[in-house]
Amino acid sequence: MKTIALYNLKGGVGKTAAAVNLAFLAAQYGRKTLLWDLDPQAAATWYLGLDPGVQDSVKKLARGKRDWIDSVHATAWPRLTCLPADFDNRHLDQYLRKTEHPAYQVRRLLKEFGTEYDLVVLDCPPSFSTVTENLFHAADVIAVPIIPSQLSIRSYEQMVAFLEGEKIRGVKLYPFLSMVDNRRKQHREAGVELRERIPNMLSTPIPYAAAVEAMGRHRAPLGASQPRVRAAAAFEQLWLELAEKLHRRD
Ligand SMILES: Nc1ncnc2c1ncn2[C@@H]1O[C@H](COP(=O)(O)OP(=O)(O)OP(=O)(O)O)[C@@H](O)[C@H]1O
Ligand SMILES: [Mg+2]
């Protein structure tokens with residue numbers, strides 16, 4: 001089992017859009033895939049057509065296997081399942097801090113119960129918290145959507161510094177350009193600069209596209225609802241690139 005996390009400290013950069021589309025594509029490419037929605041906003045859960053939970057899922061997760069497996073829901077698409085978020089996820093940090101190894105709980109749960117999946121995709125909230133610290137230990141690969149701007153470089157470098165400061169070396173960061181509008185000079189220029197300054201940048205950019213915004217209306221990944229749009233092809237290319245990186249880490 002491999003784990004990809006979508007993370008950026010910055011909000012609204014396309015983490016959830018990528019998590020949903022990549023998880024869908026992984027399933028289309030034959031992998032048994034679980035999308036674990038770690039964000040109390042529950043946007044990924046919504047996009048996959050599920051309703052956010054209303055039970056005390058955090059306590060349930062803490063209880064062990066039966067409850068963990070019971071919380072996983074099927075989606076409308078083969079091989080794609082989802083562990084929905086709910087508003088109680090806002091208490092996840094509190095719960096984690098009470099455990100003996102707060103930053104390792106997601107990793108522990110995945111090791112114990114996630115073994116029947118080929119791939120787990122974590123959609124993460126835009127914060128530095130105990131929850132997000134967990135993904136640095138649980139993920140094989142962290143895919144980081146970056147909007148082409150100067151501020152994005154800064155927040156990316158903060159994240160690299162955090163990982164170095166914490167001596168977290170097992171996880172590989174793969175940034176990619178997100179919401180790119182090539183009609184804008186600033187996007188074109190920042191894109192070039194980001195490629196020069198950030199090693200490991202994936203080569204596939206995700207374009208700014210109305211089709212991605214429309215996912216909220218369709219409540220479905222692009223490949224399911226609007227397979228012919230350019231952004232769908234971009235996500236597929238991105239998935240193939242990431243799959244290759246994961247394969248190399250086997
Ligand atoms: N490639 C894109 N083109 C156009 N709009 C996009 C694109 N990607 C995301 N969006 C829109 O931008 C908004 C934020 O996207 P998304 O929720 O994926 O970001 P996020 O990083 O997960 O946000 P948060 O930090 O709040 O979790 C949404 O309204 C989404 O529809
Ligand atoms: Mg999100």
Side-chain angles (χ1 to χ4, degrees), residues 4-25 35-50 52 82-87 89-90 92-93 106 120-129 131-132 134-135 139 142-149 151-156 158-159 173-184 186-188 190-191 194 201-239 241-242:
I4 298 181
L6 272 296
Y7 179 69
N8 191 330
L9 179 58
K10 265 176 90 67
V13 295
K15 295 180 288 297
T16 300
V20 168
N21 286 305
L22 291 171
F24 172 80
L25 284 157
L35 190 151
W36 185 347
D37 189 352
L38 284 165
D39 189 344
Q41 295 177 96
T45 303
W46 169 265
Y47 283 140
L48 290 181
L50 299 170
C82 175
L83 186 53
D86 70 40
F87 203 51
N89 273 27
R90 71 197 192 285
L92 197 50
D93 242 58
V106 171
V120 176
V121 178
L122 304 174
D123 186 31
C124 306
S127 61
F128 263 147
S129 61
V131 173
T132 53
N134 264 267
L135 68 100
I142 299 184
V144 188
I146 295 187
I147 296 178
S149 81
L151 258 186
S152 307
I153 298 181
R154 206 173 142 261
S155 81
Y156 179 75
Q158 277 176 332
M159 188 159 106
L173 295 183
Y174 288 109
F176 62 94
L177 293 176
S178 178
M179 300 167 90
V180 178
D181 183 352
N182 271 327
R183 288 167 306 182
R184 293 171 62 182
Q186 199 229 315
H187 272 212
R188 291 198 303 273
L194 280 157
M201 177 78 89
L202 296 171
S203 61
T204 312
I206 300 300
Y208 188 90
V212 181
E213 287 175 295
M215 278 171 57
R217 205 159 18 89
H218 295 289
R219 295 190 72 184
L222 282 181
S225 59
Q226 312 166 81
R228 287 181 211 292
V229 299
R230 196 161 62 97
F235 277 117
E236 184 163 4
Q237 199 56 43
L238 187 68
W239 159 247
E241 249 193 285
L242 277 167

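Scope of the values below: all heavy atoms of this structure, side chains included, with no hydrogens, waters or symmetry mates. Numbering of ligands and ligand atoms starts at 1, following listing order. Please read these numbers as outputs of a predicted model, since none were measured by experiment.
- In this structure, Ser127 and Tyr7 approach most closely via the heavy-atom pair O-OH, 2.7 Å.
- Side chain of Ser155 to backbone of Leu9: no donor-acceptor contact under 3.5 angstrom is found.
- Within the 4.0 Å cut-off (strictly below), a protein heavy atom is located near atom 26 (O) of ligand 1.
- Not a single heavy atom of Gly216 lies less than 4.0 angstrom from ligand 1.
- For ligand 1, the polar-atom distance check against Cys124 finds no nitrogen or oxygen pair separated by under 3.5 Å.
- For residue Thr16, an N/O/S atom approaches the Mg ion (ligand 2) to within less than 2.8 Å.
- Atoms of ligand 1 found under 4.0 Å from any heavy atom of Gln41 (numbered from 1 in listed order, with element): 24 (P), 26 (O), 27 (O).
- Atom-to-atom distance recorded for Ile146:CD1 and Met179:CE is 13.5 Å, nearest 0.5 angstrom.
- With Gln41 as reference, Asp39 is the one residue of Asp39, Asp37, Thr45 to meet the side-chain hydrogen bond (donor to acceptor under 3.5 Å, both in side chains) rule.
- Atoms of ligand 1 found under 4.0 Å from any heavy atom of Tyr47, numbered from 1 in the order shown, are 31 (O).
- Near Gly12, meaning under 4.0 Å from one of its heavy atoms, ligand 1 places the atoms 14 (C), 19 (O), 20 (P), 21 (O), 23 (O), 24 (P), 25 (O), 26 (O).
- Remark: among candidates Met179, Arg217, Lys15, Met215, the nearest residue to atom 10 (N) of ligand 1 is Met179, based on non-hydrogen atoms.
- In this structure the side chain of Phe24 never reaches within 4.5 angstrom of the side chain of Leu222, judged on heavy atoms.
- Note that OH of Tyr47 is 12.5 Å distant from CG of Leu35, once rounded to the nearest 0.5 Å.
- Listed by atom number, the atoms of ligand 1 under 4.0 Å from Val13 heavy atoms are 19 (O), 20 (P), 21 (O).
- A donor-acceptor pair is defined here as one N or O able to donate and one able to accept, closer than 3.5 Å; such a pair exists between the side chain of Glu241 and the backbone of Ser203.
- Interatomic distance, NE2 of His187 versus CG of Asp181, reported as 6.0 Å (0.5 Å rounding).
- Using a 4.0 Å threshold on non-hydrogen atoms, atom 13 (C) of ligand 1 does not count as touching the protein.
- Here's the thing with Thr16: one of its N/O atoms is less than 3.5 angstrom from an N/O atom of ligand 1.
- Checking Ala231, Pro207, Ala214 against atom 1 (N) of ligand 1, the nearest heavy atom belongs to Pro207.
- Environment of CZ in Arg230: sparse, with no more than 12 heavy atoms of neighbouring residues, nucleotides or ligands closer than 6.0 Å.
- Taking every heavy atom of Ile206 and a limit of under 4.0 angstrom, the matching atoms of ligand 1 come to 1 (N).
- Within the listing of ligand 1, atoms 27 (O) sit less than 4.0 angstrom from a heavy atom of Asp39.
- Lys15 approaches Asn8 most closely through the heavy-atom pair CD-N, 3.3 Å.
- Nearest protein neighbour of atom 7 (C) of ligand 1, counting heavy atoms only, is Val212 CG1, 3.4 Å.
- Annotation for ligand 1: atoms under 4.0 Å from non-hydrogen atoms of Gly11 are 25 (O).
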